[in-house]
Amino acid sequence: MGPPPYAEERRPIRRGVRREAAEAVTWLWRRRGLREVTAAMMVLNLLGGAFLIPLIVLVGERGGGALTTGTVLAALGIGGLAGALLSGRISRLLPPGPLLLAVLTIFGAALAATALPWGAWWPMVPLVFITLSTPSLDVVLNVVIARMVPDEMLGRMGAVLSMGGMALKPFGPVLGGTLTAALGGAAALVVLGGLLGATAAAAAASRELRRFTGEIAPA
């Protein structure tokens with residue numbers, strides 16, 4: 001019995017999708033600065049997805065109940081709203097590369113600061129700074145992609161960058177839970193903050209990332 005009549009049609013489509021995705025990845029790899037930013041964003045998404053479990057445990061360790069935990073987490077929304085309102089102004093102050101370095105540094109320092117022994121409510125303060133800084137980075141990078149990527153590749157590149165940015169994110173809660181089980185909430189947050197600081201230091205060592213402005217440059 002032969003293959004279904006649509007099998008031959010499906011194979012070329014699959015090959016075409018793979019080829020187009022490969023072209024987008026190749027294009028990205030040849031763009032110095034943008035590829036380093038993409039790699040740093042992948043690490044940021046991983047570590048940024050890891051802090052909620054140790055944070056919740058930390059609040060509980062300090063005697064905070066469900067209401068306290070919910071209120072502390074509300075700081076994420078408050079900072080995110082303020083950051084969205086200020087994103088245009090922040091993006092005008094810093095080009096994409098330095099802005100990413102600033103976000104990594106602020107995120108890392110704020111996560112470590114949540115472990116300071118100042119009560120169950122204290123993490124609200126550094127959490128506001130975390131989400132205050134991140135919306136502007138999202139806005140700037142979206143503008144950069146729209147500016148740099150050729151129109152005929154924009155959809156494919158958006159898919160590749162989204163997949164790359166999300167590739168490590170599902171492992172964030174696993175990392176956070178593992179660190180919390182081994183070290184406790186406060187120590188886990190300090191470790192995550194240190195890892196973000198190390199990522200910022202590694203990113204700062206890249207001249208391409210430090211000087212990345214999002215302007216179109218030859219491959």
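In what follows, residues are counted from 1 in the order of the sequence shown.
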Solution key, residues 170-192 side-chain donor-acceptor pairs under 3.5 Å, sequence neighbours excluded:
residue: T178; atom: OG1; partner: V174; partner atom: O; Å: 2.7
residue: T180; atom: OG1; partner: G176; partner atom: O; Å: 2.7

Using distance only, find each side-chain donor-acceptor pair of residues 104-129 under 3.5 Å and give its atom names and separation, not counting sequence neighbours.
residue: T105; atom: OG1; partner: L101; partner atom: O; Å: 2.8
residue: T114; atom: OG1; partner: L111; partner atom: O; Å: 2.5
residue: W122; atom: NE1; partner: A113; partner atom: O; Å: 2.7

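- Closest heavy-atom contact between A40 and L100: CB-CD2, 3.7 Å.
- In this structure, OG1 in T131 is found 8.5 Å from CD1 in I78, a value given to the nearest 0.5 Å.
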Using distance only, find each side-chain donor-acceptor pair of residues 49-58 under 3.5 Å and give its atom names and separation, not counting sequence neighbours.
none

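- Scanning for side chain to side chain contact (heavy atoms under 4.5 Å, CB included) contacts around L132 gives A82, L86, with sequence neighbours left out.
- Every residue meeting the side chain to side chain contact (heavy atoms under 4.5 Å, CB included) condition with I145, not counting sequence neighbours, appears here in chain and number order: L34, V149, L154, L161.
- Looking at heavy atoms from C-beta onward, F212 lies in side-chain contact with V144 at the 4.5 angstrom threshold.
- The number of heavy atoms from other shown groups lying within 6.0 Å of CZ (R62) is above 12.
- Contacts classified as ring pair (Phe, Tyr, Trp, His ring centres under 6.0 Å) and involving residues 80-101 (residues at least two apart or in different chains) are not found.
- To the nearest 0.5 Å, the span separating CG on L44 from OG1 on T199 amounts to 8.5 Å.
- Between R32 and E36, the shortest heavy-atom distance links the atoms C-OE1, 3.6 Å.
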